[in-house]
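A short worksheet on the structure shown next.
What's counted below: heavy atoms across the whole structure, side chains too, no hydrogens, waters or symmetry copies.
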Amino acid sequence: MKIVRPICCGMDVHKNIIVATIGITNKKTRITEYIQETFSTLNPDLLNLKQWLINHKCFDACMESTGKYWIPIFNILEDEINIYLTHPKYVKAIKGKKTDKKDSKWICDLFKHDLIKFSFIPPKEIRALREISRYRYKLVGMRSSERNRYQNCMTVSNIGIGSVFSDPFGKSAQAIMKEVLESDIIEDEKILKCIHGSCKNKDKILDSIKHCNIETDQRFKMNESMTHMEELQVHINNCEIEIMKRATPMFDRFMHITQLPGISTLSAILIISEIGVDMKQFESDKQLACWAGLAPANNESANKKISSYF
């Protein structure tokens with residue numbers, strides 16, 4: 001087999017240790033000599049790893065994308081070493097022949113012959129934008145969970161606002177709920193003052209809260225849930241402001257996609273935070289769609305096709 005990288009390194013990465021194997025192939029004899037070392041994941045030892053690679057004139061290294069454990073290593077090595085990242089399924093060792101040292105050597109051998117499919121690592125500014133975008137996504141998910149919890153409390157308390165308002169968290173609906181939670185006796189006049197003038201079926205809105213039964217536990221949960229939602233909204237707004245600030249220098253490179261129906265400026269930023277702005281990283285539009293998780297994978301055996309997605 002053709003040797004693409006005469007000097008390269010394969011790394012088996014764990015939480016606390018890294019097993020690194022450098023493969024040095026003699027161009028004449030085509031015999032590969034292997035040098036193995038084990039390093040801890042503490043910063044001083046990561047610097048030792050970097051110097052060890054440089055001393056052996058090894059500037060190409062490959063490692064698995066194991067959780068977040070690869071990122072500290074990448075941070076230390078990326079300025080001088082060409083780091084290649086791969087999914088563990090592409091470098092899986094044979095069962096019964098698996099040790100950390102053998103895994104490291106196996107990665108080195110595959111890497112040496114260029115038999116590994118590599119993952120796309122965006123530039124630093126895109127990675128930073130992606131971290132904040134994904135954090136915002138988590139916060140939005142937390143807010144949605146809290147909203148569901150709040151609506152469950154209303155259902156348990158015989159409050160039917162969710163059935164008469166298209167958005168139970170709109171201005172009028174929230175004004176009504178605030179009045180209901182703060183008052184021991186619900187008066188129609190006070191409720192009507194909370195309803196926006198453009199709202200229709202006001203009688204139906206009044207019926208949705210008549211004879212409601214808010215127990216002390218549900219009242220406590222709704223108050224806490226609303227406070228939490230307001231706090232989450234503040235954090236979401238802060239994330240969006242930071243996202244806009246970081247994406248501003250790149251606006252001229254991706255704002256054209258906002259011309260597509262349904263793509264706002266924020267949506268465009270969230271898209272480029274995942275795929276970057278340099279499409280040369282992808283061989284084709286199909287590969288880009290697969291990277292984004294929007295295209296099916298091939299999973300066929302014995303003339304049977306099984307539905308599968310990346």
Side-chain angles (χ1 to χ4, degrees), residues 1-128 130 276 278 280-284 287 290-291 310:
M1 295 180 68
K2 183 180 178 181
I3 296 175
V4 178
R5 299 177 180 87
I7 303 176
C8 62
C9 178
M11 292 186 285
D12 188 34
V13 177
H14 300 274
K15 181 180 179 180
N16 298 317
I17 64 167
I18 306 161
V19 180
T21 301
I22 294 178
I24 303 174
T25 305
N26 188 301
K27 293 183 179 180
K28 293 182 179 180
T29 62
R30 295 178 62 84
I31 296 174
T32 302
E33 177 188 355
Y34 297 98
I35 305 169
Q36 282 191 334
E37 288 287 344
T38 301
F39 301 87
S40 75
T41 53
L42 300 178
N43 289 335
D45 230 14
L46 291 179
L47 291 171
N48 292 336
L49 167 62
K50 180 179 179 180
Q51 191 59 49
W52 180 70
L53 292 171
I54 294 172
N55 291 343
H56 288 89
K57 297 181 181 180
C58 178
F59 297 96
D60 294 313
C62 179
M63 59 181 171
E64 297 176 345
S65 55
T66 311
K68 296 287 185 180
Y69 301 144
W70 67 271
I71 297 177
I73 305 167
F74 184 84
N75 292 338
I76 297 292
L77 301 182
E78 69 170 324
D79 58 339
E80 294 190 52
I81 309 296
N82 299 318
I83 302 296
Y84 296 84
L85 196 66
T86 183
H87 195 283
K89 70 180 180 181
Y90 297 127
V91 291
K92 191 173 182 180
I94 301 170
K95 288 183 178 180
K97 302 289 184 181
K98 193 177 187 317
T99 65
D100 292 341
K101 290 185 177 181
K102 287 182 179 179
D103 284 351
S104 176
K105 183 176 178 292
W106 177 245
I107 294 171
C108 180
D109 283 334
L110 293 175
F111 187 44
K112 175 179 67 177
H113 294 293
D114 198 28
L115 297 175
I116 300 176
K117 185 178 180 181
F118 304 117
S119 298
F120 163 52
I121 304 178
K124 185 175 288 187
E125 62 274 11
I126 297 295
R127 296 202 305 270
R130 184 172 62 181
D278 183 10
K280 293 179 182 177
Q281 297 284 350
F282 304 100
E283 295 178 1
S284 64
Q287 189 181 29
C290 287
W291 173 261
F310 281 105

Between atom [atom1] of [X] and atom [atom2] of [Y], what is the distance when rounded to the nearest 0.5 Å?
{"X": "K101", "Y": "E37", "atom1": "NZ", "atom2": "CD", "answer": "9.0 Å"}
{"X": "E64", "Y": "K89", "atom1": "CD", "atom2": "NZ", "answer": "13.0 Å"}
{"X": "N48", "Y": "L53", "atom1": "CG", "atom2": "CG", "answer": "11.0 Å"}
{"X": "K102", "Y": "T21", "atom1": "NZ", "atom2": "OG1", "answer": "12.5 Å"}
{"X": "N82", "Y": "D60", "atom1": "CG", "atom2": "CG", "answer": "5.0 Å"}
{"X": "K105", "Y": "L110", "atom1": "NZ", "atom2": "CG", "answer": "10.0 Å"}

**Report entry** Heavy-atom neighbours of Y69 OH exceed 12 at 6.0 Å
**Finding:**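 No - once you tally the heavy atoms of other residues, nucleotides and ligands closer than 6.0 Å, there are 12 at most.
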Query raised in the report: Does CH2 belonging to W70 count more than 12 external heavy atoms closer than 6.0 Å?
Result: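 Count over threshold, so yes.
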For [X] and [Y], work out which heavy atoms get closest and say how close.
{"X": "I121", "Y": "R127", "value": "CG2-NH1, 4.0 Å"}
{"X": "I116", "Y": "C62", "value": "CD1-SG, 3.8 Å"}
{"X": "M63", "Y": "I83", "value": "CE-CG2, 3.7 Å"}
{"X": "L46", "Y": "P72", "value": "CD1-O, 3.9 Å"}
{"X": "F111", "Y": "C9", "value": "CD2-O, 3.7 Å"}
{"X": "C8", "Y": "C58", "value": "C-SG, 3.5 Å"}

Requested in this report: Any chance you could lay out the side-chain contact (heavy atoms from CB on, under 4.5 Å) test for H56 and I7, step after step, and finish with the verdict?
Outcome: CA-CA 9 Å; H56 288 89; I7 303 176; 5.8 Å; no
**Report entry** side-chain contact (heavy atoms from CB on, under 4.5 Å) between K57 and I24, intermediate numbers included
**Finding:** CA-CA 10 Å; K57 297 181 181 180; I24 303 174; over 6 Å; no
Any donor-acceptor pair under 3.5 Å linking the side chain of [X] with the backbone of [Y]?
{"X": "S65", "Y": "T86", "result": "yes"}
{"X": "Q281", "Y": "F120", "result": "no"}
{"X": "D45", "Y": "T41", "result": "no"}

Report summary line: From the list V19, I18, D12, side-chain contact (heavy atoms from CB on, under 4.5 Å) with T38 holds only for V19
[X] versus [Y]: any side-chain heavy-atom pair under 4.5 Å?
{"X": "D109", "Y": "Y34", "value": "yes"}
{"X": "I126", "Y": "D278", "value": "no"}
{"X": "H113", "Y": "I3", "value": "yes"}
{"X": "V91", "Y": "D103", "value": "no"}

Query - K112 side chain to T25 side chain, donor-acceptor N/O pair below 3.5 angstrom - result: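 Their side chains do not contain a donor-acceptor pair, so the 3.5 Å distance test is not met.
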Query raised in the report: Would you call D114-K2 a salt bridge at under 4.0 Å N-O?
Result: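 No salt bridge links D114 with K2.
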Report task. Could you check Y84 against I107 for side-chain contact (heavy atoms from CB on, under 4.5 Å), going step by step and ending with a plain yes or no? Result -> CA-CA 11 Å; Y84 296 84; I107 294 171; over 6 Å; no
Requested in this report: Go through the steps to decide whether M11 and L77 satisfy the test side-chain contact (heavy atoms from CB on, under 4.5 Å), and finish with yes or no.
Outcome: CA-CA 13 Å; M11 292 186 285; L77 301 182; 4.1 Å; yes
